[in-house]
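Take a look at this one; I'll ask things after.
Residue numbers start from 1 in every chain, and the chains themselves are labelled A, B, ... in the order their sequence lines are given, proteins ahead of strands. Here the structure is a predicted model, which is why all the values come from computation and not from measurement.
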Number of protein chains: 4
Amino acid sequence: MSIEFDNNLPIYIQIMNYIKKEIITGKLQSGDKIPSVRELASLLQINPNTVQRTFQELEREEIVETKRGLGRYVTSEESKIMSIKKEMAGDLIQHFITEMKELGFQEQDILSIVSDAFRTGEFNGRKS
Amino acid sequence: MSIEFDNNLPIYIQIMNYIKKEIITGKLQSGDKIPSVRELASLLQINPNTVQRTFQELEREEIVETKRGLGRYVTSEESKIMSIKKEMAGDLIQHFITEMKELGFQEQDILSIVSDAFRTGEFNGRKS
Amino acid sequence: MSIEFDNNLPIYIQIMNYIKKEIITGKLQSGDKIPSVRELASLLQINPNTVQRTFQELEREEIVETKRGLGRYVTSEESKIMSIKKEMAGDLIQHFITEMKELGFQEQDILSIVSDAFRTGEFNGRKS
Amino acid sequence: MSIEFDNNLPIYIQIMNYIKKEIITGKLQSGDKIPSVRELASLLQINPNTVQRTFQELEREEIVETKRGLGRYVTSEESKIMSIKKEMAGDLIQHFITEMKELGFQEQDILSIVSDAFRTGEFNGRKS
DNA sequence: GTGGTCTAGACCACT
DNA sequence: GTGGTCTAGACCACA
């Protein structure tokens with residue numbers, strides 16, 4: 001596991017997103033144990049406090065739960081996992097469409113651009 | 001002109017994006033004078049230094065240019081304006097597709113989701 | 001006559017330097033009449049106040065003198081003209097050497113770099 | 001560390017140049033931590049925002065990089081450091097030669113003037 | 001009137 | 001403790 005950190009986003013948010021994606025794609029499953037604070041901190045070469053913050057937020061969102069003395073685990077509520085995917089995708093789509101509209105694109109423009117992007121793997125010269 | 005500020009993004013960035021969109025959609029055209037620091041500050045009810053920061057960054061990106069003692073103007077290089085639109089759209093698309101793929105969506109999923117979103121105007125319960 | 005203005009230096013200073021160089025290289029000679037404020041302003045497409053400021057400074061430096069009702073003339077004191085050249089060159093050299101030393105260059109380095117620059121007409125890829 | 005400020009140039013630019021020279025001459029090396037905003041501000045007896053401005057510009061030029069919560073460091077890209085020296089020296093030389101030519105000096109004139117300047121340490125009466 | 005710089009001081013997020 | 005942002009207000013150079 002390794003993450004290339006983007007300087008514009010807090011590290012703890014980036015780790016949160018990483019873990020959420022692991023769950024959504026099934027690499028981490030309901031009930032799985034997740035690494036300890038120390039373990040993850042040394043793995044990612046970051047401050048344990050930052051990892052602590054990550055877990056604290058994930059717990060607040062009820063995505064992981066602590067079993068005292070045993071460690072942290074992915075929530076056992078399967079419905080919660082479903083809703084994470086819906087939420088993340090919904091946010092992405094809303095943001096994307098809102099912004100594209102503000103740039104003056106119409107529905108057909110957007111659909112063909114997205115379709116093109118898949119075929120070529122490029123977006124105005126930016127490699128995928 | 002009015003902007004509803006979103007607390008997660010610095011105000012000067014939000015104004016930058018607002019002005020870029022004005023240019024992209026043709027409301028501000030090449031060579032047009034843009035409002036003075038003081039004018040925009042009083043219009044948006046924010047501190048002149050914040051506006052100054054906005055313009056400083058836009059100037060760095062060569063989107064506006066200063067004529068000393070006269071004011072600021074949208075760049076006279078039309079090609080620059082073209083490239084802003086490409087850049088903003090390209091970034092949006094790349095980010096959107098990359099993230100959607102990481103959530104496990106395929107091309108067809110994405111196309112139909114985007115299409116649906118237009119029809120219903122909603123995205124998992126979020127109003128457009 | 002045309003000057004490409006550099007945004008980092010006040011326009012009136014740039015015109016001052018331009019006129020000084022005209023005098024130093026003999027294009028403008030002792031006793032020659034120089035253009036009027038209005039004439040120069042329309043020629044350079046700038047504000048007459050800016051030209052006025054230029055002449056005011058040149059007069060303060062005793063490089064031009066006003067003959068009331070007749071116009072402005074290059075100073076009749078030839079010695080003054082000599083000293084302008086010395087002054088401008090002296091300033092250039094002092095600045096150049098001081099800065100080069102601070103970058104860690106020695107006398108021999110500097111001499112050979114200057115010599116090279118003449119031969120190639122380039123300075124680290126910058127065309128002359 | 002102390003800088004004598006010259007009133008004609010913005011303080012933040014003078015500090016930028018100072019730091020660049022420190023890097024070029026090896027006093028600050030790739031990966032070194034640079035002083036914090038508050039530290040440098042109190043050291044130089046200036047406002048922290050002025051130092052902030054300095055660092056913002058150096059970061060834009062990719063000469064320093066921020067590690068969030070930890071401080072700022074000289075860029076780890078050694079090639080960048082090389083190019084700063086080339087750039088600063090190239091600019092100095094280009095400016096010097098262009099201006100000297102405009103004053104009517106030839107290659108031999110310039111070489112002997114520079115050589116003289118080193119021997120006497122003076123430039124038309126200005127002490128080095 | 002226009003932008004550019006600087007000071008002073010505050011608040012916040014991140015590590 | 002570190003940097004990032006924002007406000008408030010001042011002074012100056014320029015056109």
Under-4.0 Å side-chain N/O to phosphate OP1/OP2 contact, D:Arg72 with F:dG3 | yes
Which letters describe nucleotides 9-15 of chain E, given B = protein heavy atom under 4.0 Å from base, S = only from sugar-phosphate, - = neither?
-> B----BS
Would you mind reading off the distance between C:Ile15 atom CD1 and F:dA15 atom C1', rounded to a whole angstrom?
-> 11 Å
Minimum-distance pair of heavy atoms, taken over all atoms of D:Asp6 and D:Asn8 | OD1-N, 2.7 Å
E:dG4 phosphate, OP1 or OP2: any side-chain N/O from B:Gln52 under 4.0 angstrom?
-> yes
Please tell me which of D:Lys67 and B:Gln45 maps to the more 5' nucleotide of DNA chain F, matching each residue to the nucleotide holding its nearest heavy atom.
-> D:Lys67
Can a donor-acceptor pair be found between the side chains of C:Glu62 and C:Thr75 at a distance below 3.5 Å?
-> no
B:Thr25 and A:Leu103, any side-chain heavy atoms less than 4.5 Å apart = no
Figure out the CG/C1' separation between D:Leu58 and F:dG3, and round it to whole Å.
-> 15 Å
Classify the ring geometry between D:His95 and C:His95 as parallel (under 30°), tilted (30 to 60°) or perpendicular (over 60°).
-> perpendicular
To the nearest angstrom, how far is D:Glu59 atom CD from F:dG3 atom P?
-> 10 Å
B:Gln14 CD to F:dC6 C1': how many Å, rounded?
-> 13 Å
Is there a donor in the side chain of C:Tyr18 and an acceptor in the side chain of C:Gln14, or the other way round, less than 3.5 Å apart?
-> no
Could you tell me whether B:Lys80 and B:Glu61 make a salt bridge, using a distance below 4.0 angstrom between a side-chain N and a carboxylate O?
-> no
Taking Watson-Crick and G-U wobble contacts under 3.5 angstrom, with | marking pairs to another strand and [ ] crossing pairs, the secondary structure of DNA chain F is written ||||||||||||||.
What's the CG-P distance between D:Leu40 and E:dC6, to the nearest Å?
-> 14 Å
Let me know the distance between CD of B:Glu65 and C1' of E:dT2, rounded to the nearest Å.
-> 16 Å
Heavy-atom side-chain proximity of B:Ile23 to B:Gln29 below 4.5 angstrom | no
d(CD, C:Glu57; C1', F:dA15) in whole Å = 14 Å
Closest approach of D:Ser30 to D:Glu77 (non-hydrogen atoms, all atoms of both residues) | OG-N, 4.4 Å
Between E:dC6 atom C1' and D:Phe5 atom CZ, what is the distance in whole Å?
-> 12 Å
Tabulate below the donor-acceptor pairs under 3.5 Å that side-chain atoms of residues 35-44 of chain D make, not counting sequence neighbours, or state none.
residue : atom : partner : partner atom : Å
D:Ser36 : OG   : D:Glu39 : N            : 3.1
D:Glu39 : OE1  : D:Ser36 : N            : 3.4
D:Ser42 : OG   : D:Glu39 : O            : 3.3

